[in-house]
Structure formats: C-alpha cells, structure tokens
Amino acid sequence: MKIIQKFSEDDKKELEHLLSLQYCMPYVPLGNRKLAHKVIYILTPVLYILSVFLFVVQQYAMFTVELTGGILSTVWIIWYHRVGKKFEEKVHKMVYEDFGRQTEAFVDESGIIFNDKSIDYADISNVIFYDKFMFAIVTGNRFLVIKVNQTEKEYIQTILDKNKHIRQELQTKPFNLYLYFKGK
C-alpha cells in the first residue's frame, strides 16, 4: 500500500509537541513558556541579591532558602542552554524540514520503504498508534513516523498481527516519545 503523507501545520505542531521536552513539564507557570523563562532569568539575580541582604541582617534560615533557590535557578538555566534548547531546536528542525515536504511510504508484507530506506519488520520492536500518527520503534533507538488514515491503519495492523514480536499499542492520550524511549 502506498501512503502519501502531507503534514499540515496542525499536524506539525502536534508532532513537535509529542517529540519535544515541553511535554516533560506538566505545569507551565504563568500559562506561557516564554514568559516563565523570562521570569526565571530575571528572578535568579534577584534571589542572589536578596540572599546577600538576608545574610547581612542575620536571617540565616531565609538566606539558605534564597541561596538554594538561586542555585537551582542557575542550574536550570545552564541545563536549558546546554541541553534543552538544543534538543528543542533539533526537534523543531526535524519536524518542519523533514515533515515539511510531501513524502511517500510503501507498506507491504515484506517491510516498510520510507524515503528510499527499507525497514524490515524484524527491525521493528514496537508500533504506537496515536490519533493519525503511527510511530514505529526501530532497533538502535530510532523511530519512524507515518501519518495514516483509518484504512491505512487497519491494513498496517493486519500486517503487524502476523509479526508476533512487534508489540502494538494504541495511545488515546498525548504522550511524549522521548519519555517513552527513556522508559524502555
């Protein structure tokens, strides 16, 4: 079966959300991620200044609390700029460049051909169906994303049922693929 994929802007946003670290944060302070980051950048030096003031007025318990808050904020800022931001940029680039153009996937009894790369069913360990996406977890911590409609999904499931080693999951709620990999 030939599957022609064209990702809409909504599809790309949803896919980026599923693949990014944003989903690791269950609560976004102030309702806006960028605003929350600005607040942390502004409050970190304020916490250090406040902790020095508390030390001078001999409020050692509050000094410890403020200094700990400043250190934790600094650690978060360093982590975000060294790891988190680069990861988010990489995911954004992948979603908007790789999925920005129309692609074709061929699915049959022998395997999946996607972007001229052949993937044998023996290399696939898990397949996760979520909404209109199929995520195939391939050996080597790689994954394949295919946008499928209901007919294509049913066809793929009949083929996967013949391959007993492939674990199939149906996700009804949004999930994070990064955390899914980390849990396996």
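These values consider heavy atoms only, across backbone and side chains, with no hydrogens, waters or symmetry-generated copies.
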Kindly work out whether a path of hydrophobic side-chain contacts (I/L/V/M/F/W/Y, heavy atoms less than 4.5 Å apart) joins [X] to [Y].
{"X": "Tyr80", "Y": "Ile71", "result": "no"}
{"X": "Leu67", "Y": "Ile77", "result": "no"}
{"X": "Ile113", "Y": "Ile137", "result": "no"}

Taking the inter-plane angle between the rings of Trp79 and Trp76 on a 0 to 90° scale, is it parallel (under 30°), tilted (30 to 60°) or perpendicular (over 60°)?
-> tilted
N/O donor-acceptor pairs under 3.5 Å from side chains in residues 38-58, not counting sequence neighbours:
unit_1: Tyr41; atom_1: OH; unit_2: His81; atom_2: NE2; d: 2.9
unit_1: Thr44; atom_1: OG1; unit_2: Ile40; atom_2: O; d: 2.6
unit_1: Tyr48; atom_1: OH; unit_2: Gly70; atom_2: O; d: 3.1
unit_1: Tyr48; atom_1: OH; unit_2: Thr74; atom_2: OG1; d: 2.8
unit_1: Ser51; atom_1: OG; unit_2: Leu47; atom_2: O; d: 3.3
unit_1: Ser51; atom_1: OG; unit_2: Tyr48; atom_2: O; d: 2.7

Exam field: side chain [X] to backbone [Y], donor-acceptor pair closer than 3.5 Å:
{"X": "Asp108", "Y": "Gly111", "result": "yes"}
{"X": "Glu152", "Y": "Asn149", "result": "yes"}
{"X": "Lys147", "Y": "Lys132", "result": "no"}

Atom pair [atom1]/[atom2] of [X] and [Y] - distance to nearest 0.5 Å:
{"X": "Ser73", "Y": "Ile78", "atom1": "OG", "atom2": "CD1", "result": "11.0 Å"}
{"X": "Phe129", "Y": "Thr172", "atom1": "CZ", "atom2": "OG1", "result": "14.5 Å"}
{"X": "Leu144", "Y": "Lys117", "atom1": "CG", "atom2": "NZ", "result": "10.0 Å"}
{"X": "Gln59", "Y": "Thr64", "atom1": "CD", "atom2": "OG1", "result": "11.0 Å"}

Using the side chain to side chain contact (heavy atoms under 4.5 Å, CB included) rule, take Ile124 and Ile112 through it: C-alpha gap first, then chi angles, then the decisive distance, then the call.
-> CA-CA 10 Å; Ile124 298 174; Ile112 300 172; 4.0 Å; yes
Which pair of heavy atoms, one from [X] and one from [Y], lies closest together, and at what distance?
{"X": "His165", "Y": "Tyr121", "answer": "NE2-O, 2.8 Å"}
{"X": "Asp120", "Y": "Ser110", "answer": "OD1-O, 3.2 Å"}
{"X": "Asp11", "Y": "Lys6", "answer": "OD2-O, 4.1 Å"}

Could you walk me through whether Ile3 and Ile156 pass the side chain to side chain contact (heavy atoms under 4.5 Å, CB included) check?
-> CA-CA 11 Å; Ile3 301 172; Ile156 292 170; 3.9 Å; yes
Kindly determine whether Lys153 and Leu170 satisfy side chain to side chain contact (heavy atoms under 4.5 Å, CB included), including the steps that lead there.
-> CA-CA 11 Å; Lys153 179 181 172 182; Leu170 178 63; 3.5 Å; yes
Non-neighbouring partners of Phe135 that pass ring pair (Phe, Tyr, Trp, His ring centres under 6.0 Å), sequence neighbours left out =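 Expected list: Phe175.
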Would you say the side chains of Ser8 and Asp10 form a donor-acceptor pair under 3.5 Å?
-> no
So, are Glu89 and Lys86 salt-bridged, with charged N and O less than 4.0 Å apart?
->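 A salt bridge is absent here (no side-chain N lies under 4.0 Å from a carboxylate O).
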Are Phe133 and Ile128 close enough that some pair of their side-chain heavy atoms sits under 4.5 Å apart?
-> no
